[in-house]
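Written out below as C-alpha cells is the structure these notes cover.
Counting convention: from 1, in listed order, for ligands and their atoms alike. All heavy atoms count here, side chains included; hydrogens, waters and symmetry mates do not.
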Amino acid sequence: MNKLIKLFGKVTLLFGFLWMFNSCSKDPNSAGYEYMPDMYRSPAVEPYVDYGELRGRIQKSVSNKMSVKTPPKYTIPYFGTNKEEVMLMLPYHRKPSSTSAVTHGLVEWDFSTNPQGDYDYQMAAADMNPIKITAENAEIILKKGKDLYSVNCKHCHGEKGDGQGSMVVSGAYVGVPNFVDKIALSDGQMFYSIYYGKGAMGSHAPILNKKEIWNVVHYIRSIQNPEYGKTNFMSTSVTTIVADSTKTTVK
Ligand code: HEC
C-alpha cells in the first residue's frame, strides 16, 4: 500500500514537471503558454495597445493601429484651474481649410468657412505666443521645447533646424525647410502649421497639446537666434503661465 502511494506521488510529480515544461517555448520573445491570460493582459481599453492582437486573436483590420489617437471633439485637457492655463487649452479658434480633411487627415474637424483656403493661416500671423519667455524662465521653457523637438521634429527638421533630419538625409523625405529661412514667419503661423500640418508635414494636433506646441515655437526661435530668451525683449499678453507648469506632458 505504501509503495502504491509512493508510486502515485512520483507519477504526479512527473506529470507536474511535464505540465510545467510544456509551457516553455523556443521563441525568446514569448512568455510561453499562458495558463491564466487574464492575469497578464488587462481587459480594460488601453489607449496605446495594438488591438490587432488581443489574447491570441489577430484582427488584421486594426493591426498596428493605436486604439486612441485624436481625443473626442472639443475635449479640453485638464491641468488644473489656473485661468491662463485653461484659456490656453480651449479649442483653437483658427480653423483648418476644408481640403485638409484629404491632405492632412483632419476628418470631421470644424473647417474654415472662408472660401480663401489659407485665410485662417494668414490671420494667424497676428497671434502671439501666449507663453511669455523671460530671462528667468527661458532655460526651463527652451529645455522643454528642445525635448519635445527632439522627439517629434528632429528626424525631419534636423538637430540644428537646417532641414537635414535623418529622414531627409536617408532620402525618404524632401522639402523640409531650414528654419533660418523662416525667421519672418510669425509665431502664430508657426503654431498654425505645426497644429494642422502644412504641405508634406502632418498635423501635430493629436500628438502635442497647445502649450507644448507654443513651447516648441519658442525653441525654434532659439534655433534661429541663439540669443533668444536671454534678455527680456519679449512682451506678450499672458504673464502668469510660469515656467514650472511647462512640466506637464499629458495631453
Ligand atoms: C515628416 C517630416 C516632418 C516632421 C516630423 C515635422 N515637420 Fe515641420 N515641416 C516639414 C515639411 C516638409 C515642411 C514644409 C511644409 C511646406 O511649406 O510645404 C515643414 C514646415 C515646418 C514649419 C514652417 C511652416 C510654415 O508655415 O511655413 C515649421 C515651423 C515646422 N515645420 C515645425 C515643425 C515642428 C515644430 C515639428 C515637430 C513638432 C515638425 N515641424 C515636424 C516636415 C516635417
- Task: Apply side-chain hydrogen bond (donor to acceptor under 3.5 Å, both in side chains) to Thr99 and list each qualifying residue two or more places apart in sequence or on a separate chain.
- Result: Ser97
- Task: Following the transitive rule for hydrophobic clusters with a side-chain heavy-atom cut-off under 4.5 Å over Ile, Leu, Val, Met, Phe, Trp and Tyr, establish whether Leu208 and Tyr195 coincide in one cluster.
- Result: yes
- Query: Ring centres of His104 and Tyr196 under 6.0 Å apart?
  - Reply: no
- Query: Just how far is it from atom CG of Asn114 to atom CG of Asp120, taken to the nearest 0.5 Å?
  - Reply: 7.0 Å
- Mind checking whether Phe179 and His157 have parallel, tilted or perpendicular rings, split at 30° and 60°? parallel
- Query: Looking at atom 18 (O) of ligand 1, what's its closest protein heavy atom, distance included?
  - Reply: Gly199 CA, 3.5 Å
- Step through the shown structure and confirm whether more than 12 heavy atoms of other residues, nucleotides or ligands are within 6.0 Å of CD on Gln116. yes
- Query: Counting no waters, how many protein N/O/S atoms sit under 2.8 Å from atom 8 (Fe) of ligand 1?
  - Reply: 2
- Message: With a heavy-atom distance limit of 4.0 Å, tell me whether Ile213 approaches ligand 1 through its side chain, its backbone, both, or neither.
- Response: neither
- Message: Over 60° means perpendicular and under 30° means parallel, so tell me whether Tyr219 and Tyr149 are parallel, tilted or perpendicular.
- Response: tilted
- Item | Qualifying residue for side chain to side chain contact (heavy atoms under 4.5 Å, CB included) with Asp127, from Tyr192, Tyr92, Phe191 | Tyr92
- Message: Using a 4.0 Å cut-off to any heavy atom of Met190, which atoms of ligand 1 qualify?
- Response: 29 (C)
- Query: Got a sec: does the CD of Gln122 have more than 12 other heavy atoms crowding it under 6.0 Å?
  - Reply: yes
- Residue Asn152 vicinity, atoms of ligand 1 by number, heavy atom under 4.0 Å: 5 (C), 37 (C), 38 (C), 41 (C)
- Any idea which atoms of ligand 1 are less than 4.0 Å away from a heavy-atom of Tyr121? 25 (C), 26 (O), 27 (O)
- Task: Considering the heavy atoms of Leu208, write down every atom of ligand 1 situated less than 4.0 Å from one of them.
- Result: 38 (C)
- Got a sec, which hydrophobics cluster with Met167, joining ILVMFWY side chains under 4.5 Å apart, including via others? Val168, Tyr173, Val176
- Provide the number and element of each atom of ligand 1 under 4.0 Å from a heavy atom of Leu185. 23 (C), 24 (C), 25 (C), 26 (O), 27 (O)
- Query: Distance from Glu84 atom CD to Met89 atom CE, nearest 0.5 Å?
  - Reply: 12.5 Å
- Val216 heavy atoms within 4.0 Å reach ligand 1 at atoms 35 (C)
- Can you name the side chain to side chain contact (heavy atoms under 4.5 Å, CB included) partners of Leu13, sequence neighbours left out? Phe17
- Just wondering, are more than 12 heavy atoms of other shown residues or ligands nearer than 6.0 Å to CD in Gln224? yes
- If you measure from each heavy atom of Val217 to ligand 1, is any distance below 4.0 Å? no
- Between the candidates Gln189, His155, Lys154, Lys182, which shows the shortest non-hydrogen contact distance to atom 27 (O) of ligand 1? Lys182
- Note on the structure: Distance col, row Lys146:NZ vs Leu142:CG, nearest 0.5 angstrom, shows 10.0 Å
- For atom 28 (C) of ligand 1, the closest protein heavy atom turns out to be Phe179 CE2, 3.6 Å
- Message: How far is atom 12 (C) of ligand 1 from the closest protein heavy atom, and which atom is that?
- Response: Gly175 O, 3.4 Å
- Message: If we set the cut-off at 4.0 Å for heavy atoms, which region of Tyr192 has an atom near ligand 1: side chain, backbone, both, or neither?
- Response: neither
- Residue portion contacting ligand 1 (non-hydrogen atoms closer than 4.0 Å) for Ile207: neither
- Query: Mind checking whether Tyr149 has an N or O less than 3.5 Å away from an N or O of ligand 1?
  - Reply: no
- Considering only heavy atoms of Tyr173, which atoms of ligand 1 have at least one such atom less than 4.0 Å away? 1 (C), 2 (C)
